[in-house]
*Asks:* 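I'd like to ask you about the structure that follows.
Throughout, a chain's letter reflects where its sequence line sits, starting with A, and its residues are numbered from 1.
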Number of protein chains: 2
Amino acid sequence: MTRWSVGDLAKASGLTVRTLHHYDEIGLVVASERTSSGHRRYTPDDVRRLYQVRSLRQLGLSLAEVRSALSRSDSLRPLFEAQLAALTAQARQVEALRSRLTALLDGHTTESLLSTLEMMSVYESYFTSDQLADLRSRAASMGPEAVEALKASWLELVRQLRQHMADGTPATDPRVADLVRQWDELGARFTGGDAAIQAAAQRSWNENKTSISTQIGWPADDGLVDYVNRARAAG
Amino acid sequence: MTRWSVGDLAKASGLTVRTLHHYDEIGLVVASERTSSGHRRYTPDDVRRLYQVRSLRQLGLSLAEVRSALSRSDSLRPLFEAQLAALTAQARQVEALRSRLTALLDGHTTESLLSTLEMMSVYESYFTSDQLADLRSRAASMGPEAVEALKASWLELVRQLRQHMADGTPATDPRVADLVRQWDELGARFTGGDAAIQAAAQRSWNENKTSISTQIGWPADDGLVDYVNRARAAG
DNA sequence: GTAGGACCTCCCGTCGCGTGAGGTGCAAAC
DNA sequence: GTTTGCACCTCACGCGACGGGAGGTCCTAC
């Protein structure tokens, strides 16, 4: 028995018969022989190649990458380094998502989850791509947790300000002035003191009245903009 | 202008027109109105929904998950927790791959990379699924780096033993005995002292002569099994 | 003689869109 | 008046790596 059938090879390798068919179809691991009735017969060389493919796949390479790796085996090291870089990038992305989620789950009640998300989402599309790139690089240097913490603080400030408005606290109230001061500090930390970005943020904020958030009936048109501006003028 | 065209909405949201079409097609975010010529007109409510979808997508949820999240918004928290768990699992997988790759890149010359991988791959399919689960849980408790280090040591021992064989060192040589002793220690650490797994490993090793590794013309049938067994008998 | 298994070859479905191809509607520039 | 150009429309195929099923063949065992 020096030849293998698909089923036996599937069992031995832990892959499925369908996968072996697929590899055969695309010419990645072809059964070199066939029986008279058309059944695949894998030679020792085929099996060897299959295990090479399997091992490379276990490192997360695509079938195309596996194919090229096996065609010119000298290029394994650069390929692996590229794969390592890709995995590192992926790890960072996953970590960013994880910290977003944990920050959300820790800091918010169930009913506020969706609206919080919606707010973040809307405000995140307010900047030009250059400014976004800039913000992102700054965010990267701060680390995802710090960014999430910052966002959470900001949302909390908005909540408190809105609360004061609802309670009828005058814009000249020192408590309001204090919140606005915190707000501006937060903004400075967020923008890293970059004047252009601050201006963009300010512009996005002022344009609120005629932009998305207004159109979709957000509380943004409830006068918070004016309220904050009045407080700033008074301070 | 309280209605939005696809193009404008795409620009504002950072999504593509095609994506908006897709969401419309599958009924996730439908343009509630159409002009007489059939152009989509998004109402404020549609836009709101789009931003909710976008925010949920940014957390890594699938379109199906987003849809169900928006249909019964009470279930957000469990959904997020599930997503967090999935992301955590994914993070672990990515980390495992990364440590495999770094271990490989650190410890091996270019030409040995592929054959090393191939060996690992073949030996990894030698155990029953129960035993594999067992090994995996032990591996999890050891941490991926330790596992890779262990594998690397094992492969290094195999290399040295084969070298001795090639050099004609007798199996009774104390240096060989020492290597075999290290080998057995490594095995004990790998199997965690579990007798059944040790037996399986032993069996897989002894069956080498008639199994895959022989069939594919591996050096395993070069007498290393016998050599090691003779050394053990002598020690 | 027939029941069961293992094998074969199509071929459609997945997920989230990208990327055309081919046509319509509408405004400004010639 | 027409041409150009733009934004929009509806199909419909393509990707990656297979899963899964339909419908048929082949071989063995009872």
*Asks:* Please work out if A:T35 contacts a base, only the sugar-phosphate, or nothing of the nucleic acid, heavy-atom cut-off 4.0 Å.
*Replies:* nothing
*Asks:* Has B:R54 got a side-chain atom pairing as donor or acceptor with B:G14's backbone, closer than 3.5 angstrom?
*Replies:* no
*Asks:* Would you mind listing every salt bridge (charged side-chain N to carboxylate O under 4.0 Å, His left out) that reaches into residues 14-23 of chain A, with sequence neighbours excluded?
*Replies:* A:R18-A:E25
*Asks:* With nearest nucleotides of DNA chain C determined for B:R18 and B:S37 from heavy-atom distances, which residue corresponds to the more 5′ nucleotide?
*Replies:* B:R18
*Asks:* Rounded to the nearest angstrom, tell me the gap between atom CG in B:L15 and atom P in C:dG16.
*Replies:* 14 Å
*Asks:* Okay, side chain of B:R49, backbone of B:V30: is any donor-acceptor separation there less than 3.5 Å?
*Replies:* no
*Asks:* Quick check for you: to the nearest 0.5 Å, what is the distance between A:D46 atom CG and A:T43 atom OG1?
*Replies:* 3.0 Å
*Asks:* Once rounded to the nearest 0.5 Å, what's the spacing between atom CZ of A:F80 and atom CG of A:L56?
*Replies:* 5.5 Å
*Asks:* Kindly give the atom pairs (protein nitrogen or oxygen, nucleotide nitrogen or oxygen) under 3.5 Å for nucleotides 1-7 of chain C.
*Replies:*
from  : atom 1 : to   : atom 2 : distance (Å)
C:dC7 : OP1    : A:S5 : OG     : 3.0
C:dC7 : OP1    : A:G7 : N      : 3.1

*Asks:* Is the distance from OP1 or OP2 of C:dC17 to the nearest side-chain N or O of B:Y23 less than 4.0 Å?
*Replies:* yes
*Asks:* Round to a whole Å and report the spacing from CD1 of B:I26 to P of C:dC15.
*Replies:* 10 Å
*Asks:* Would you please name every residue forming a side chain to side chain contact (heavy atoms under 4.5 Å, CB included) with B:S37, sequence neighbours left out?
*Replies:* B:T35, B:H39
*Asks:* Can you check the A:H22 NE2 to C:dG13 P distance for me, whole Å?
*Replies:* 18 Å
*Asks:* Can you list the residues that meet the salt bridge (Lys or Arg N to Asp or Glu O under 4.0 Å) rule with B:R57, with sequence neighbours excluded?
*Replies:* none
*Asks:* Backbone N or O of B:L70 within a donor-acceptor pair of the B:Q52 side chain at under 3.5 Å?
*Replies:* no
*Asks:* Could you measure the distance from the CG atom of B:L59 to the CG atom of A:L101? Nearest 0.5 Å is fine.
*Replies:* 5.0 Å
*Asks:* Rounded to the nearest 0.5 Å, how far does CG of B:L15 lie from NE2 of B:H22?
*Replies:* 12.0 Å
*Asks:* Answer yes or no: is there an ion pair linking A:E95 with A:R98, defined by an N-O contact shorter than 4.0 Å?
*Replies:* yes
*Asks:* Would you indicate what A:R41 reaches in the nucleic acid, counting non-hydrogen atoms under 4.0 angstrom: base, sugar-phosphate, or nothing?
*Replies:* nothing
*Asks:* Among residues 84-91 of chain B, which ones have heavy-atom contacts with DNA chain C below 4.0 Å?
*Replies:* none
*Asks:* With a 4.0 angstrom cut-off to heavy atoms of chain A, pull out the first and last contacting nucleotide of DNA chain D, in 5'-to-3' order.
*Replies:* D:dA17 to D:dC26
